[in-house]
Amino acid sequence: MRFDVVTIFPGYFASPLSEALVGKAVDAGLLEIHVVDLREFSDDPHRKVDDEAYGGGPGMVLAAPPVFGAVEALRGEAGAPAPHVVLLSPEGQRFDAEAARALSRRARVVLVCGRYEGIDERTRDAGLFDEEISIGDVVLPGGEAAALVVIEAVSRFVSGVVGDPESVRADSFEDGLLDHPHYTRPREFRGLSVPDVLLSGHHDRIRKWRRERKLARTALRRPDLLAKADLTDKERALLERLARCDESS
Ligand code: JFT
């Protein structure tokens with residue numbers, strides 16, 4: 001899979017894209033990531049890409065011409081798959097595991113990172129973007145950190161990037177539930193022990209305990225997730241009873 005990241009801060013991406021999971025996947029040829037300097041598409045001698053807002057107000061606006069130039073150049077690249085072009089923006093659709101999986105099926109994704117107070121609306125009006133994504137209701141100074149979130153989340157779903165496919169399946173949200181607790185050595189630490197069942201070697205009991213902890217944690221911490229979670233009829237009935245605090249049944 002290929003990503004092209006359009007940004008005024010190309011250097012920002014150097015270490016996150018060369019380290020750890022993503023860095024290894026790039027080295028292995030599973031991912032190809034191109035960082036494109038938006039300033040290369042400025043027609044200004046000082047490489048300016050921003051300007052004052054029509055109508056006044058504080059701050060600057062990312063100008064349309066360089067954004068059009070960059071996206072059109074990437075769409076026109078010969079010999080490369082046609083890209084799916086994404087704008088990171090606070091006004092976008094909320095990014096989640098399902099959106100990450102959907103993007104991982106694309107051969108090539110362009111991530112456009114804006115800065116300043118926002119991007120000239122005519123980029124949207126012209127249909128320059130196929131999709132607009134927000135990583136959440138938090139305010140960032142620009143799209144770069146959001147683009148890294150998208151690359152890391154999508155890459156996990158690209159075949160071969162995570163060594164053990166079972167790990168991708170087992171992690172949070174694959175079944176719509178939070179993960180169960182994890183423990184490793186030492187067996188005793190500052191008077192804190194590991195739940196006995198995990199040391200028992202009874203794999204059926206361990207599986208049952210983990211499932212139960214996932215359900216309990218999700219019900220307590222993120223009850224909003226239960227509506228869409230992958231639950232058996234029995235599990236759903238159990239949670240309904242617990243939620244109603246119906247101790248007679
Ligand atoms: C922030 C952003 C995302 C995402 C793109 C562009 C300018 C700064 C800004 C901040 C608040 C309101 C503009 C961006 C994001 C997120 C993405 C831009 N800014 N208006 N902030 N928070 N979750 N994705 Cl262009």
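These numbers come from a predicted model, not from an experiment. For the numbers below, each heavy atom of this structure counts, side chains included, while hydrogens, waters and symmetry mates do not. Every number for a ligand or one of its atoms is a count from 1 in the order of the listing. In what follows, residues are counted from 1 in the order of the sequence shown.
- Checked for salt-bridge contact, Glu212 and Arg217 miss the test: no charged N lies under 4.0 Å from a carboxylate O.
- Heavy-atom contacts of Ile133 reach the following atoms of ligand 1: 24 (N) (cutoff under 4.0 Å).
- With salt bridges taken as basic N to acidic carboxylate O contacts below 4.0 Å, one links Glu121 and Arg124.
- The Arg115 neighbourhood of ligand 1 comprises atoms 6 (C), 7 (C), 25 (Cl), with distances under 4.0 Å to a heavy atom of that residue.
- Within 6.0 Å of NE2 in His203 there are 12 or fewer heavy atoms belonging to other residues, nucleotides or ligands.
- Put simply, Val162 and Leu30 are part of the same group of oily side chains (I, L, V, M, F, W, Y) that touch within less than 4.5 Å, one to the next.
- Summary of contacts: the protein heavy atom closest to atom 6 (C) of ligand 1 is Gly114 C, 3.5 Å.
- Between Asp175 and Lys228 no salt bridge is recorded (no basic side-chain N to carboxylate O distance below 4.0 Å).
- In summary, the atoms of ligand 1 found under 4.0 Å from a heavy atom of Ala146, numbered by their order in the structure, are 4 (C), 24 (N).
- Residue contacts with ligand 1 leave out Leu62, since none of its heavy atoms falls under 4.0 Å from the ligand.
- Every atom of ligand 1 with a heavy atom of Ser134 under 4.0 Å away is listed here by number and element: 23 (N), 24 (N).
- On a distance-only criterion, Gly143 and ligand 1 share no N/O pair closer than 3.5 Å.
- Using modelled atom types, one side-chain atom of Arg39 and one backbone atom of Arg47 make a donor-acceptor pair closer than 3.5 Å.
- Looking only at protein heavy atoms, the nearest one to atom 1 (C) of ligand 1 is Leu140 O, 3.5 Å.
- Ser134 contributes no side-chain N or O that, together with a main-chain N or O of Gln93, makes up a donor-acceptor pair within less than 3.5 Å.
- For atom 12 (C) of ligand 1, the nearest non-hydrogen atom from the set Ala147, Pro90, Ser89 belongs to Pro90.
- Looking at Arg115 and Asp50, no side-chain N of the basic residue comes within less than 4.0 Å of a carboxylate O on the acidic one, giving no salt bridge.
- Glu32 has no carboxylate O lying under 4.0 Å from a charged side-chain N of Arg108, or vice versa, which leaves the two without a salt bridge.
- Remark: ligand 1 atoms within the under-4.0 Å shell around heavy atoms of Pro141 are 8 (C), 19 (N).
- Judged by the shortest distance from any of its heavy atoms, Gly142 lies inside the 4.0 Å radius around the atoms of ligand 1.
- Look at Glu166 and Arg169 and you find a salt bridge, because one of the NZ, NE, NH1 or NH2 atoms lies within 4.0 Å of a carboxylate O, short of that distance.
- The protein heavy-atom contact nearest to atom 19 (N) of ligand 1 is Tyr116 O, 3.6 Å.
- Under a 3.5 Å cut-off, the side chain of Glu40 and the backbone N or O of Asp37 do not form any donor-acceptor pair.
- Ranking the protein heavy atoms by distance from atom 11 (C) of ligand 1 puts Val139 CG1, 3.4 Å first.
- Under 4.0 angstrom from ligand 1, there are no non-hydrogen atoms of Leu87.
- For atom 13 (C) of ligand 1, the closest heavy atom belonging to the protein is Glu117 O, 3.3 Å.
- Not a single heavy atom of Asp137 sits closer than 4.0 Å to an atom of ligand 1.
- Nearest residue to atom 16 (C) of ligand 1 from Ile135, Leu88, Val150, Val138 is Val138 (criterion: closest heavy atom).
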